[in-house]
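Note that ligands are numbered from 1 as they come in the structure, with each ligand's atoms numbered from 1 the same way.
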Amino acid sequence: MSKPLDGIKIIDFTHVQAGPACTQLLAWFGADVIKVERPGSGDVTRNQLRDIPDADALYFTMLNSNKKSLTLDTKKPEGKEVLEKLIRESDVLVENFGPGALDRMGFSWERLNELNPKMIVASVKGFSDGHHYDDLKVYENVAQCAGGAASTTGFWDGPPTISAAALGDSNTGMHLAIGILTALIGRDKTGKGQKVAVSMQDSVLNLCRVKLRDQQRLDRVGYLEEYPQYPHGEFSDVVPRGGNAGGGGQPGWILKCKGWETDPNAYIYFTIQGHAWAPICKALGKPEWIDDPAYKTAEARQPHIFDIFATIEEWLADKTKFEAVDILRKFDIPCAPVLTMKELANDPSLRASGTIVEVPHSVRGSYLTVGSPIKFSDLKPEVTASPLLGEHTEEVLASLGYSQQEIFNLKEIQAV
Ligand code: COA
């Protein structure tokens with residue numbers, strides 16, 4: 001079956017997570033993604049946190065499926081020559097090297113544009129071009145701090161906190177993928193390539209935009225009524241950490257269920273959405289709260305919202321997180337169990353939808369990965385194994401017109 005990105009050739013000059021997450025997504029949708037890696041070592045994640053000796057680490061396999069691997073020393077003249085050939089016939093080059101690395105290699109935007117004016121050059125950096133920190137190398141947690149996530153995550157009496165979600169890495173990769181697809185559509189109209197740049201700081205901030213909303217509300221009125229600090233606590237002049245409060249204005253919290261004393265994940269997230277108040281009271285067996293002036297409106301509930309949560313926890317005390325959700329869903333109450341990675345890995349619905357996929361791998365045996373979170377009516381992305389280091393070197397070089405002898409010579413030079 002043909003795929004939407006069939007025929008789009010991508011030079012994947014990426015490593016670690018942000019860049020690879022982007023190109024993996026495009027590969028699932030049909031792009032021919034050729035990962036260019038340093039001979040001998042390749043992407044650093046091949047070796048990071050290995051669980052099986054001599055097999056590519058899961059960190060690598062879970063971010064590089066559906067790609068080809070070409071080993072090439074692009075600092076050597078022979079490697080540069082191959083890369084130039086590849087550039088002339090590719091649609092996109094994606095990179096996430098440290099600041100200036102591509103320029104130092106001799107492949108500035110100007111040079112790339114000269115080699116192939118139709119090619120889209122897509123980059124991830126920690127900070128945007130011209131930013132006063134644009135010389136910094138950046139990893140995930142650095143970006144979460146720089147993008148406003150850390151200062152607004154966690155509890156008010158604890159330090160700034162990092163999210164387990166890859167807001168700086170994979171999220172930036174997703175932003176870059178949107179940029180690349182936009183530039184490809186733009187190229188159809190203009191015939192020209194362009195530079196697409198996404199910074200990790202900007203991508204984190206984009207996901208934290210409701211906190212910038214809150215900063216402006218705080219500046220204007222001096223308090224934030226949906227935060228746990230309201231109405232009893234103090235507000236300073238910056239958005240505080242709100243613990244597990246809901247960010248959209250509807251109060252919510254993580255509440256204990258049966259077994260929480262021994263199971264650290266025996267919890268549900270419970271949201272008190274305004275329109276769901278009557279069903280919530282019915283579900284909890286508190287019909288008298290529906291019209292009680294102390295409970296009837298969101299404003300009336302807020303001063304004693306934690307007492308309400310405590311009452312809900314009493315109701316939850318003899319129910320597991322799954323039993324609780326099964327009852328609450330019948331009342332249309334927005335809630336979910338706090339799921340562990342083990343529960344997610346074994347969730348039959350996620351297996352059926354292709355969100356959790358088991359992938360066969362020639363060295364590791366099979367492993368689990370997260371498949372495409374985007375579902376289409378006319379495309380079912382199939383996840384294939386990540387390539388071994390240099391697995392497709394001969395194939396790619398032959399497709400560029402190199403003879404068997406030239407390929408042999410090139411490999412000899414690279415090995416030195
Ligand atoms: N052949 C020869 N040299 C190669 C090569 C190849 N195939 N591929 C990469 N290199 C070289 C580069 O030219 C560069 O050399 P130079 O610094 O001498 O010019 C070097 O390898 C890579 O440098 P860099 O990307 O800075 O790696 P690092 O390990 O020092 O830093 C990061 C890693 C992730 C911190 C850095 O790449 C970075 O800040 N990237 C941008 C933001 C980002 O994506 N962060 C990670 C999110 S997961």
Side-chain angles (χ1 to χ4, degrees), residues 11-25 34-49 57 59-60 62-64 67-84 86-87 93-108 111-112 121-129 131 133-147 149 162-177 179 196-204 387 389-390 392-393 396-397 410-411 413-416:
I11 302 172
D12 181 5
F13 227 170
T14 72
H15 62 162
V16 202
Q17 184 173 165
C22 165
T23 48
Q24 174 173 261
L25 191 85
I34 301 166
K35 188 169 174 100
V36 179
E37 297 183 84
R38 215 193 303 234
S41 51
D43 188 327
V44 67
T45 59
R46 286 187 184 269
N47 293 300
Q48 267 176 0
L49 309 173
Y59 197 7
F60 179 83
M62 293 179 73
L63 285 157
N64 290 285
K67 302 180 184 178
K68 292 175 181 158
S69 168
L70 162 70
T71 44
L72 205 58
D73 186 332
T74 52
K75 282 188 172 167
K76 289 189 172 154
E78 300 79 6
K80 284 188 203 293
E81 190 192 300
V82 175
L83 186 62
E84 287 194 8
L86 206 49
I87 288 166
L93 181 148
V94 190
E95 65 92 19
N96 69 321
F97 293 128
L102 208 55
D103 293 13
R104 288 194 292 279
M105 212 186 273
F107 293 99
S108 63
R111 175 68 183 138
L112 290 167
V121 179
S123 297
V124 167
K125 296 286 167 270
F127 294 87
S128 58
D129 224 9
H131 189 284
Y133 285 150
D134 72 359
D135 57 329
L136 280 177
K137 290 188 175 184
V138 170
Y139 284 106
E140 171 69 56
N141 295 354
V142 177
Q144 289 200 27
C145 290
I162 297 299
S163 163
L167 306 176
D169 284 346
S170 280
N171 169 45
T172 305
M174 300 304 104
H175 278 78
L176 192 68
V196 180
V198 181
S199 90
M200 295 168 75
Q201 180 189 41
D202 294 357
S203 302
V204 173
L389 180 60
H392 304 93
T393 301
V396 175
L397 292 177
L410 265 169
K411 286 173 109 177
I413 294 164
Q414 312 271 344
V416 182

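- Looking at heavy atoms from C-beta onward, L102 lies in side-chain contact with L93 at the 4.5 angstrom threshold.
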Anything under 3.5 Å between an N or O on ligand 1 and a protein N or O? List each pair with its distance, or write none.
residue, atom, partner, partner atom, Å
ligand 1, 1 (N), T74, N, 3.1
ligand 1, 1 (N), T74, OG1, 3.2
ligand 1, 7 (N), L72, O, 2.9
ligand 1, 15 (O), K75, NZ, 3.0
ligand 1, 17 (O), R104, NH2, 3.1
ligand 1, 18 (O), K75, NZ, 2.7
ligand 1, 19 (O), R104, NE, 2.8
ligand 1, 19 (O), R104, NH2, 3.3
ligand 1, 21 (O), R38, NH2, 2.7
ligand 1, 25 (O), G98, N, 2.8
ligand 1, 26 (O), G98, N, 3.3
ligand 1, 26 (O), K137, NZ, 3.0
ligand 1, 30 (O), K137, NZ, 2.4
ligand 1, 37 (O), H15, NE2, 3.0
ligand 1, 37 (O), N96, O, 3.3
ligand 1, 37 (O), G98, N, 3.0
ligand 1, 39 (O), V138, N, 3.1
ligand 1, 40 (N), N96, O, 3.0
ligand 1, 40 (N), F97, O, 3.4
ligand 1, 44 (O), N96, ND2, 2.9
ligand 1, 45 (N), V138, O, 2.7

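- T71 and E37 share no donor-acceptor pair across their side chains, judged by distance under 3.5 Å alone.
- Inspection of the T393 and K411 side chains reveals no N or O donor paired with an N or O acceptor under 3.5 Å.
- With N96 contributing its side chain and H15 its backbone, the two residues share a donor-acceptor pair below 3.5 Å.
- A search for ring-ring contact (aromatic ring centres under 6.0 Å, His included) contacts involving Y139 returns nothing, not counting sequence neighbours.
- S170 and Q17 share a donor-acceptor pair across their side chains, judged by distance under 3.5 Å alone.
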